[in-house]
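Just so it is clear, the values below take in all heavy atoms, side chains as well, and ignore hydrogens, waters and symmetry mates.
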Amino acid sequence: MSRTIERTNVGGLEIELMTLGGGRPLVFLHSGEGPDYGSPFLDALARSFNVFAPSLPGFGHSSLPDDVKRVDDVAYCMLDLFRAHGLKEIALVGVSFGAWAAAEIAVRDTGRLASVTLISPVGARFSDDPATKEIEDIYMLAEDEALARAFANPQGRKRAIDSLTDDDLVVMSRNRIALCQFAWSPYMHNPVLRRWLHRIDRPTHIVWGEADRLVSEDCKRAWAARIPGAVVTRIAGVGHFPDVENPIEAAALVADFAKKHV
């Protein structure tokens with residue numbers, strides 16, 4: 001299977017981009033953990049699609065200029081990438097932070113999209129009560145507790161720092177800095193995004209892991225209620241990252257939905 005990783009200039013930003021497979025374009029936007037170009041999830045999707053997996057600004061080896069500060073900016077960068085590469089009829093897929101970016105793209109411009117799949121989306125709060133916790137604050141939790149809330153099976157999820165290369169460590173640091181840049185304040189959401197979710201006018205699939213304890217049930221229901229015609233699927237035995245805990249089933253669900261909407 002043909003896999004390439006290149007640096008591409010998008011509106012003055014240098015964006016790292018992996019492409020894999022062939023056929024219709026599927027754009028995958030990674031979580032706040034950053035890109036994983038060896039992901040079995042992407043390999044499985046590439047059996048049916050030409051997968052485009054960019055490192056979002058500041059993540060991986062992508063640049064992060066001073067004037068790119070919000071997820072809005074990430075959305076416009078990705079729209080420029082779609083145009084620069086001539087992508088049309090895109091199956092747009094995002095996980096967690098990447099699903100937030102995908103939603104920000106879709107409320108702005110769906111002209112190049114065929115469908116949208118949001119896996120465990122963050123990025124929106126729906127309660128007017130600031131004391132209502134809709135998205136767990138991972139920065140306030142010990143690592144073991146954060147992993148227990150994120151994964152159905154958290155054992156073995158800690159990264160062994162001493163086994164990482166220097167480049168791995170640099171990328172890990174960049175990923176964490178970029179996530180803080182975009183999602184620290186306000187925490188993990190854009191206060192106005194909920195107002196515009198009705199603008200997503202392409203078939204939309206929302207996927208949740210049944211063991212996800214990072215996003216509240218009320219928040220999960222509100223996502224579906226705000227996006228016209230959204231289809232919701234829950235995957236048993238996984239948490240916030242179905243693409244990591246059960247990549248084959250998650251990829252099959254994503255692919256089946258995208259194939260129906262050309």
Side-chain angles (χ1 to χ4, degrees), residues 3-20 26-43 45-46 51-82 84-85 87 90 92-106 117-123 135 138-139 143 146 150 157 159 161 164-190 193 214 240-244 247:
R3 182 193 309 264
T4 63
I5 300 176
E6 62 176 325
R7 308 284 177 89
T8 183
N9 187 289
V10 179
L13 280 75
E14 187 177 74
I15 297 297
E16 181 178 55
L17 176 66
M18 187 196 78
T19 56
L20 178 66
L26 181 149
V27 173
F28 174 74
L29 305 182
H30 58 73
S31 75
E33 294 296 303
D36 178 4
Y37 291 145
S39 163
F41 176 75
L42 295 183
D43 288 344
L45 288 175
V51 175
F52 291 78
S55 294
L56 298 173
F59 292 86
H61 294 99
S62 292
S63 65
L64 183 61
D66 290 342
D67 58 352
V68 175
K69 298 180 181 297
R70 298 160 52 93
V71 181
D72 313 48
D73 301 316
V74 174
Y76 287 120
C77 174
M78 291 298 102
L79 286 166
D80 282 353
L81 183 144
F82 301 165
H85 286 263
L87 302 182
I90 299 165
L92 179 61
V93 181
V95 175
S96 191
F97 176 78
W100 175 5
E104 296 275 9
I105 290 166
T117 296
L118 307 176
I119 303 174
S120 307
V122 296
I135 305 168
I138 58 174
Y139 299 113
E143 183 179 12
R157 296 295 174 187
R159 298 193 71 175
I161 300 297
L164 300 179
T165 66
D166 288 347
D167 185 63
D168 291 336
L169 291 169
V170 169
V171 167
M172 178 189 291
S173 297
R174 296 191 83 242
N175 294 342
R176 291 179 177 179
I177 291 168
L179 183 61
C180 287
Q181 167 74 59
F182 295 120
W184 178 264
S185 181
Y187 178 73
M188 289 292 176
H189 77 288
N190 175 354
L193 178 58
L214 290 182
H240 192 70
F241 301 104
D243 59 312
V244 174

Student: Specify the closest pair of heavy atoms between A178 and F59, including all atoms of both residues, with the distance to one decimal.
Tutor: CB-CE1, 3.6 Å

Student: I'd like to know whether CD of E16 has more than 12 heavy-atom contacts from other residues, nucleotides or ligands below 6.0 angstrom.
Tutor: yes

Student: Quick check against the 3.5 Å criterion: does H30 have a side-chain atom that pairs as donor or acceptor with the backbone of L56?
Tutor: yes

Student: Of all heavy-atom pairs between L118 and A99, which one has the smallest distance, and what is that distance?
Tutor: CD2-O, 3.5 Å

Student: Less than 4.5 Å apart, side chain to side chain, heavy atoms only: is that true for F97 and V71?
Tutor: yes

Student: Would a distance-only check, ignoring hydrogens and angles, find a side-chain to backbone donor-acceptor pair under 3.5 Å from S63 to P65?
Tutor: no

Student: If you count every heavy atom of other residues, nucleotides or ligands that lies below 6.0 Å from D166 atom CG, does the total exceed 12?
Tutor: no

Student: Does the side chain of L179 reach to within under 4.5 Å of the side chain of Y139, using non-hydrogen atoms?
Tutor: yes

Student: With side chains defined as the heavy atoms from C-beta onward, is the minimum distance between H61 and D167 less than 4.5 Å?
Tutor: yes

Student: Which value, rounded to the nearest 0.5 Å, describes the distance between H240 atom NE2 and I138 atom CD1?
Tutor: 8.5 Å

Student: In sequence, state the C-alpha distance, the side-chain angles, and the governing distance for L29 and W100, and then conclude on side chain to side chain contact (heavy atoms under 4.5 Å, CB included).
Tutor: CA-CA 9 Å; L29 305 182; W100 175 5; over 6 Å; no

Student: Would you indicate whether the side-chain heavy atoms of C77 and I15 approach each other to under 4.5 Å?
Tutor: yes

Student: How long is the span from the OG1 atom in T19 to the CD atom in E6, to the nearest 0.5 Å?
Tutor: 6.0 Å

Student: Run the side chain to side chain contact (heavy atoms under 4.5 Å, CB included) test on F41 and D36 for me, step by step, so that the C-alpha distance in whole Å, both residues' side-chain angles and the decisive distance to 0.1 Å come before the verdict.
Tutor: CA-CA 10 Å; F41 176 75; D36 178 4; over 6 Å; no

Student: In Å and rounded to the nearest 0.5 Å, what is the CZ to CE distance from F52 to M78?
Tutor: 12.5 Å

Student: With a cut-off of 6.0 Å (strictly less than), are more than 12 heavy atoms of other residues, nucleotides or ligands near OH of Y76?
Tutor: no

Student: Quick check: are there more than 12 heavy atoms from other residues, nucleotides or ligands sitting under 6.0 Å from CZ of R70?
Tutor: no

Student: Rounded to the nearest 0.5 Å, what separation is found between the NZ atom of K69 and the CG atom of L64?
Tutor: 8.5 Å

Student: Please check this pair: side chain of S31 against backbone of S96, looking for a donor-acceptor N/O pair closer than 3.5 Å.
Tutor: no

Student: Say you draw a straight line from CE of M18 to CZ of F28; how long is it, rounded to the nearest 0.5 Å?
Tutor: 9.5 Å

Student: Would you say Y187's side chain and I135's backbone share a donor-acceptor pair under 3.5 angstrom?
Tutor: no

Student: Looking at every non-hydrogen atom in both residues, tell me the closest pair between N175 and E33 and how far apart they are.
Tutor: ND2-O, 3.1 Å

Student: With heavy-atom distances below 4.5 Å as the criterion, would you say the side chains of P247 and S39 are in contact?
Tutor: no

Student: Considering only heavy atoms from C-beta outward, does the side chain of L13 approach that of D80 to under 4.5 Å?
Tutor: no

Student: Quick one: are H189 and V122 in side-chain contact, heavy atoms under 4.5 Å?
Tutor: no

Student: Compare every heavy atom of A46 with every heavy atom of L20, then report the nearest pair and how far apart it is.
Tutor: CG-CB, 3.4 Å

Student: To the nearest 0.5 Å, what is the distance between CG on L17 and CG on L81?
Tutor: 6.0 Å

Student: For L92 and F82, work out which heavy atoms get closest and say how close.
Tutor: CD1-CZ, 4.1 Å

Student: Would you say that more than 12 heavy atoms from the other residues, nucleotides or ligands in this model lie under 6.0 Å from the CZ of R174, or not?
Tutor: yes

Student: At their closest point, which heavy atom of S55 faces which heavy atom of Y37, and how far apart are they?
Tutor: OG-OH, 2.7 Å

